[in-house]
Amino acid sequence: MSLPKHSDPACDSVRSHSGGYTLLKAVVLIGSVALVAYQFSHFELLRFALPPSVDSDAQDGYGFDWTSIIPAQDLEWTQCYNDFECARLSVPLDYSHPKGGKAAIAIVRYPSDIAHDEEGYLGPVLFNPGGPGASGIEMVLNNAQQLRIILGEGYDLIGFDPRGVGFTTPTLHVFESSGEAAFIYAKFLPTINSSDTALGAMYAAAKTLGVVAKARMGDVAQHVGTPVVARDMLSIVKAHRQEKIQYWGSSYGTVLGATFAAMFPDNVGRLVLDGVMDAEDYYSAQRSTSLLDTDATLFGIYQACVDAGPLVCPIHESSTEKIHDRIQKLVNSLRSNPATFYNADTGSHGEVDYSLVQKVIFISLYRPYESGMKLASVLADLERGVAEPIFRLSQAEATEEAMKESFTDDVVALRKHYNSLSQVSMFSEIWYARLGCAGWKVRAKERFAASWETNTSFPLLIIGNTADPVTPLRSAMKMSRGFKDSVVLTQDSLGHGSIAAASLCTAKAVRAYFQNGTLPEDGTVCAVESRMFDEQLSISGTLSAEDRKLLQASHELQQNYVVTFL
């Protein structure tokens, strides 16, 4: 499983963007391009899209000014966001030249109730929610109480923005205006096979983006990539006067966590990989293994609809095949006859075509226990000729995305790739991962050169769902084989990552791992209490007060956690 020395992770050099919260504001500015930005997961596009004049890098939506904190080599904490503390850690921009330029890593801490010098203090736990390009600060700010309940007492919860993300500096800006960004992103509104010219137009746009990005931010962008962020994580750990990392990473965060474990195997304390990407596939930029369970996830939603019955599920049929045929007929009809709407009360209007509906369905697969019922409802509305609900859902679902390192491709190779991928999943036409990297020109200064086969100082806990739309269970199994004594915990659920569903079993396993180092038995499969067409959890028997608290925290994570889309 080892990569050759100095392997070039495809488009990994710029995972990120201009200010971590730029995306949500940019979505509003760019309007109809929002869904593209959301789906354009392997670009991390909008996060580095806009300059400071369009989106402030200094002050966030809570009114906290990060520039008021002076970066320092030691962690100097400032009270922020009410119950949190903030710091900016000064690290080398290039670790091979430590006396050269500096980066400042933005960090937020939800401090332990147990003092650091008291018995029971267990140290910091770092979090990365994925992307690449999602904000660890935002994750901890939004989920600190639930994460504390699941991990147990004694930990400082640490959210950090990786290089190029959020309030970590230097920031990265490609475009000079939202209009310039929209001009490029508009090329990615159709699906890849929507016409004979769609793929070529997207490839040209990807090349344009690569050239512009290298010209405008190449000097900084070469110091943004997964291996150097792994070094930043070690710097954060050591700044806490610790030697071994404690970490929970989801989605792309599993690539980051696995990279850390491969580069620094002797510095692993507790390390959870949740919703596991095939790191070799990621670094090669092929992204050919991601969709292995995508269609199974969709049919899992259909099965839940069959089980729920016609009074609950508005697209109910007697079998999953009948539901699928019914929805495919609806979606395919939009190729030649898109639906439109005009709302006289608000003056809003829009068009719903094949590409939009395909993307809405795909997006819903990430969090089916939250989105499955909504999806069934808007599809039933569309079937009746009411197009506005699914259009609104497409806007509401639009959120954050991502990008990687120098990679070259051509239209012939891309077409061959997507023809092959179409044999794996019906959603291959909207999986832009390899296309997104095709024109990227920036090469990371530090590239991954370690081995995925290693013996870490403490075994990893690896979690995979039985049907994950973009990180199939077999990727978890594959990565586990490289890390000696690691254990795969299977969560019997749909969706992207364990947090997509509430599971008392999984929550207890994660807590046991962090609290006392206990790993689940090989072959452990955890059931979930979430139900797709019922807001109430499925609970059998009587729960203890502690178990009820754990399950509630798990359910709140399912409801509130923003899954970052690959």
Side-chain angles (χ1 to χ4, degrees), residues 81-84 108-114 120 122-130 134-159 246-251 253 270-275 366-371 461 463-465 489-518 520 524 526-532 534-564:
Y81 306 105
N82 296 322
D83 297 329
F84 296 83
V108 69
R109 175 170 75 174
Y110 189 54
S112 168
D113 291 333
I114 301 174
L122 299 173
V125 178
L126 279 63
F127 296 88
N128 183 279
S135 168
I137 288 176
E138 192 171 14
M139 176 186 179
V140 170
L141 288 177
N142 291 337
N143 301 283
Q145 293 182 7
Q146 293 80 13
L147 293 170
R148 162 135 310 152
I149 291 170
I150 290 174
L151 267 60
E153 297 299 327
Y155 291 106
D156 290 329
L157 307 184
I158 304 296
Q246 300 180 115
Y247 174 83
W248 187 350
S250 303
S251 194
R270 304 283 190 271
L271 201 152
V272 174
L273 305 181
D274 184 353
Y366 283 78
R367 301 175 69 229
Y369 298 97
E370 291 298 310
S371 303
L461 173 59
I463 306 174
N465 292 353
L489 170 67
T490 301
Q491 181 168 288
D492 188 14
S493 65
L494 312 176
H496 184 36
S498 70
I499 296 176
S503 170
L504 177 60
C505 171
T506 300
K508 292 173 79 169
V510 171
R511 174 183 278 193
Y513 177 70
F514 276 102
Q515 284 289 320
N516 53 44
T518 301
T524 297
C526 282
V528 300
E529 283 75 24
S530 296
R531 293 186 289 185
M532 201 172 303
D534 190 337
E535 294 181 359
Q536 299 300 312
L537 296 176
S538 175
I539 301 174
S540 59
T542 303
L543 297 180
S544 67
E546 186 62 24
D547 283 355
R548 187 170 294 277
K549 186 177 180 182
L550 260 179
L551 181 57
Q552 182 62 30
S554 177
H555 192 213
E556 289 175 0
L557 279 181
Q558 171 201 311
Q559 294 173 313
N560 301 329
Y561 183 54
V562 177
V563 178
T564 303

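All values derive from a computational prediction rather than experimental measurement.
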Step by step, work out the side chain to side chain contact (heavy atoms under 4.5 Å, CB included) result for Val125 and Asp156. CA-CA 6 Å; Val125 178; Asp156 290 329; over 6 Å; no
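- With hydrogens and angles disregarded, a donor-acceptor distance shorter than 3.5 Å links the side chain of Gln246 to the backbone of Pro124.
- Salt bridge Glu546/Lys508: absent, no basic N to carboxylate O contact under 4.0 Å.
- Side-chain N or O atoms of Asn465 include one that pairs as donor or acceptor with a backbone N or O of Gly495 at under 3.5 Å.
- Arg367 contributes a side-chain N or O that, together with a main-chain N or O of Gln559, makes up a donor-acceptor pair within less than 3.5 Å.
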Report the C-alpha distance between Arg511 and Leu151 in whole Å, list the side-chain angles of each, state the deciding distance to 0.1 Å, and finish with yes or no for side chain to side chain contact (heavy atoms under 4.5 Å, CB included). CA-CA 5 Å; Arg511 174 183 278 193; Leu151 267 60; over 6 Å; no
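- Heavy-atom minimum distance, Gly136 versus Pro129: CA-CD, 3.9 Å.
- Between Ala502 and Ser554, the shortest heavy-atom distance links the atoms CA-OG, 3.2 Å.
- In this structure, the side-chain contact (heavy atoms from CB on, under 4.5 Å) partners of Asp83, at least two apart in sequence or on a different chain, are Tyr110.
- In this pair, Phe127 and Trp248 present their aromatic rings tilted. The plane angle is within the 30 to 60° band.
- Contact annotation: the side chain of Thr490 never approaches that of Thr524 to less than 4.5 Å [non-hydrogen atoms, C-beta and beyond].
- Judged purely by atom type and a 3.5 angstrom limit, Ser251 has no side-chain atom pairing as donor or acceptor with the backbone of Gly253.
- Note that CG of Leu504 is 5.5 Å distant from CG of Leu551, once rounded to the nearest 0.5 Å.
- Within the model, atoms CD of Gln558 and CD1 of Ile499 stand 10.5 Å from one another, a figure rounded to the nearest 0.5 Å.
- Residues Arg109 and Leu157 are not in side-chain contact: their nearest non-hydrogen atoms beyond the backbone lie 4.5 Å or more apart.
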Verdict with supporting geometry, Met139 and Leu147, side chain to side chain contact (heavy atoms under 4.5 Å, CB included): CA-CA 10 Å; Met139 176 186 179; Leu147 293 170; 4.3 Å; yes
Test side chain to side chain contact (heavy atoms under 4.5 Å, CB included) on Asn560 and Asn143 and set out the steps. CA-CA 8 Å; Asn560 301 329; Asn143 301 283; 4.2 Å; yes
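- Within the 4.5 Å cutoff, the side chain of Val528 has no heavy atoms near those of the Thr506 side chain.
- Here the OG atom belonging to Ser493 is positioned 9.5 Å from the CE atom belonging to Met532, to the nearest 0.5 angstrom.
- Here the CZ-CD1 distance, from Arg548 to Ile539, works out to 5.0 Å after rounding to the nearest 0.5 Å.
- Of all the heavy atoms in Gln515 and Glu153, the pair that sits closest is NE2-O, 3.2 Å.
- At a cut-off of 3.5 Å, with distance as the only test, a side-chain donor of Ser498 or Asp274 sits close to an acceptor on the other residue.
- Taking the six-membered ring where tryptophan is involved, the planes of Tyr155 and Phe514 are perpendicular, since the angle between them exceeds 60° and thus also 30°.
- Contact annotation: the side chain of Leu141 approaches that of Val108 to within less than 4.5 Å [non-hydrogen atoms, C-beta and beyond].
- When all heavy atoms of Arg148 and Pro111 are compared, the closest pair comes out as NH1-O, 3.1 Å.
- Other residues, nucleotides and ligands place no more than 12 heavy atoms under 6.0 Å from the CD atom of Glu535.
- Across Pro520 and Leu489, no two heavy atoms sit closer than the pair CG-CB, 4.3 Å.
- At most 12 heavy atoms of other shown residues, nucleotides or ligands fall within 6.0 angstrom of atom CD in Gln145.
- Between Tyr513 and Thr518 there is no side-chain heavy-atom pair separated by less than 4.5 Å.
- Atom OG in Ser530 sits 5.0 Å away from atom NE2 in His555 (nearest 0.5 Å).
- What you find for Ile149 and Ala553 is that their closest heavy atoms are CG2-CB, 3.8 Å.
- Here the CD-OG distance, from Glu529 to Ser540, works out to 7.5 Å after rounding to the nearest 0.5 Å.
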